[in-house]
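Let me begin by presenting the structure, written as structure tokens, before commenting on it.
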Amino acid sequence: MRTDDFWQLIDRARTGGGEPDAVAARAVALLAARDPEEIIGYAHHQQRVLAASYRVDLWGAAYLINGGASDDGFEYFRGWLMTQGREVFARAVADPDSLAELPQIRSASLSGEEFECEDMLAVPWDAYRKATATDLPGERAAIRQPDLNDFWDFDDEARRRLPRLAALFVEPPQE
């Protein structure tokens with residue numbers, strides 16, 4: 001599956017709106033209607049997209065937005081980010097602070113809403129099972145982990161590294 005095909009399927013799943021889990025459910029239905037080899041291709045491409053987004057600065061953004069981010073929480077955040085479409089995803093990977101421009105993120109700074117979509121990560125496995133009544137061949141590829149030496153203290157460094165998100169989610173310093 002090509003990059004354009006991957007994101008076009010997600011865009012089609014986004015039509016009709018709805019919550020991220022609804023987008024994931026529509027993606028499963030759309031993908032299950034395809035040839036099993038295409039589903040495998042989607043799974044491979046999804047792993048590449050997730051690996052490319054496994055960045056410390058994006059993890060910092062997820063940490064600020066969701067009030068913390070465990071390993072799983074960061075994966076689910078990237079699942080949610082996939083449901084936002086190619087443009088938002090690519091912009092966030094290139095500049096995680098750009099997420100501060102999204103209306104739902106700005107709103108979450110007041111509401112405390114969290115952004116996760118575990119179901120989006122399971123799309124190829126669920127689609128393959130639906131299409132073939134068998135499990136997707138192979139195991140989920142391990143996503144490369146960032147060098148732990150690259151981590152920075154999200155609480156202390158947020159204002160400097162992610163200024164727009166910090167303005168929304170970090171309390172101002174005490175005078």
Side-chain angles (χ1 to χ4, degrees), residues 1-66 69-108 113-144 146 165:
M1 176 170 283
R2 295 177 9 173
T3 299
D4 289 341
D5 297 331
F6 175 85
W7 287 110
Q8 285 171 0
L9 186 136
I10 292 173
D11 282 344
R12 285 188 58 212
R14 294 179 68 228
T15 59
E19 294 298 313
D21 288 341
V23 172
R26 286 192 294 272
V28 168
L30 290 167
L31 193 56
R34 295 187 175 203
D35 183 75
E37 289 304 313
E38 286 186 74
I39 300 171
I40 293 169
Y42 179 98
H44 290 294
H45 196 79
Q46 178 175 287
Q47 290 302 313
R48 287 192 300 273
V49 165
L50 290 171
S53 65
Y54 205 106
R55 299 172 41 101
V56 172
D57 52 352
L58 187 59
W59 196 322
Y63 179 90
L64 289 177
I65 293 166
N66 285 346
S70 65
D71 292 346
D72 289 344
F74 182 50
E75 275 204 37
Y76 305 157
F77 176 81
R78 289 179 297 138
W80 169 82
L81 194 54
M82 286 173 56
T83 69
Q84 303 306 297
R86 183 180 195 172
E87 182 180 325
V88 170
F89 191 94
R91 197 170 357 137
V93 170
D95 175 18
D97 208 29
S98 70
L99 290 167
E101 300 165 9
L102 297 178
Q104 64 267 43
I105 298 293
R106 298 184 72 75
S107 176
E113 179 181 0
E114 293 184 11
F115 299 96
E116 296 184 340
C117 187
E118 181 179 5
D119 290 350
M120 194 64 185
L121 302 176
V123 164
W125 286 266
D126 293 347
Y128 198 87
R129 193 172 306 110
K130 184 175 182 178
T132 67
T134 62
D135 289 335
L136 187 69
E139 295 183 24
R140 291 186 190 205
I143 296 173
R144 79 177 158 82
L165 285 171

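Sequential numbering from 1 along the given sequence is applied to the chain's residues. In this text, all values refer to a predicted model and were calculated from it rather than measured experimentally.
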Ignoring hydrogens, what is the shortest heavy-atom contact between Gly73 and Glu116? Give both atom names and the distance. CA-OE2, 3.6 Å

Checking the side chain of Trp59 only, and the main-chain atoms of Ala69 only, is there a donor and an acceptor separated by less than 3.5 Å? yes

Once rounded to the nearest 0.5 Å, what's the spacing between atom CZ of Arg78 and atom CD of Gln46? 10.0 Å

Quick check against the 3.5 Å criterion: does Glu118 have a side-chain atom that pairs as donor or acceptor with the backbone of Gly79? no

Steps toward side-chain contact (heavy atoms from CB on, under 4.5 Å) verdict (Trp80, Glu114): CA-CA 10 Å; Trp80 169 82; Glu114 293 184 11; over 6 Å; no

Pair Leu58-Leu99, side-chain contact (heavy atoms from CB on, under 4.5 Å): steps then yes or no: CA-CA 10 Å; Leu58 187 59; Leu99 290 167; 4.2 Å; yes

Compare every heavy atom of Met82 with every heavy atom of Ile10, then report the nearest pair and how far apart it is. CG2-O, 3.4 Å

With no hydrogens and no angle check, just 3.5 Å: does a side-chain donor-acceptor pair link Arg91 and Ser98? no

Say whether, by atom type as modelled, one donor and one acceptor occur between the side chain of Asp97 and the main chain of Leu165 under 3.5 angstrom. yes

For the residue pair Ile39 and Ala131, what are the closest heavy atoms and their distance? CD1-CB, 3.8 Å

How far apart are the C-alpha atoms of Arg129 and Asp135, what are their side-chain angles, what is the distance that settles it, and do they pass the side-chain contact (heavy atoms from CB on, under 4.5 Å) test? CA-CA 5 Å; Arg129 193 172 306 110; Asp135 289 335; 3.3 Å; yes

Rounded at 0.5 Å granularity, tell me how far CZ in Arg86 sits from CG in Asp4. 4.5 Å

From Glu75 atom CD to Leu81 atom CG, the distance as rounded to the nearest 0.5 Å: 13.5 Å

Mind listing the closest non-hydrogen atom pair of Ala52 and Val93 along with its distance? O-CG1, 3.8 Å

If only atom types and distance count, is the side chain of Ser107 paired as donor or acceptor with the main-chain N or O of Pro103 below 3.5 Å? no

Taking every non-hydrogen atom, the tightest pair across Ile65 and Phe115: CG2-CD1, 3.5 Å

Roughly how far, to the nearest 0.5 Å, is CZ of Arg26 from CZ of Arg12? 11.5 Å

Ignoring hydrogens and geometry, is there a side-chain-to-backbone donor-acceptor pair from Arg14 to Thr83 under 3.5 Å? yes

Between CG of Leu31 and CH2 of Trp125, what distance do you get to the nearest 0.5 Å? 11.0 Å

Taking the inter-plane angle between the rings of Phe77 and Phe74 on a 0 to 90° scale, is it parallel (under 30°), tilted (30 to 60°) or perpendicular (over 60°)? parallel

Does Arg48 have more than 12 heavy atoms from other residues, nucleotides or ligands lying within 6.0 Å of its CZ? yes

Are Arg34 and Leu9 packed together at the side-chain level, in the sense that at least one heavy-atom pair is separated by less than 4.5 angstrom? yes

Closest non-hydrogen atom pair, Asp21 against Cys117: OD1-SG, 3.3 Å

Count the heavy atoms of every other residue, nucleotide or ligand shown that sit under 6.0 Å from CD of Glu19, and state whether that count exceeds 12. no

Measure the OH-CD distance between Tyr128 and Glu38 for me, rounded to the nearest 0.5 Å. 12.5 Å

When you compare the side chain of Asp119 with that of Asp126, does any pair of heavy atoms fall below 4.5 Å? no

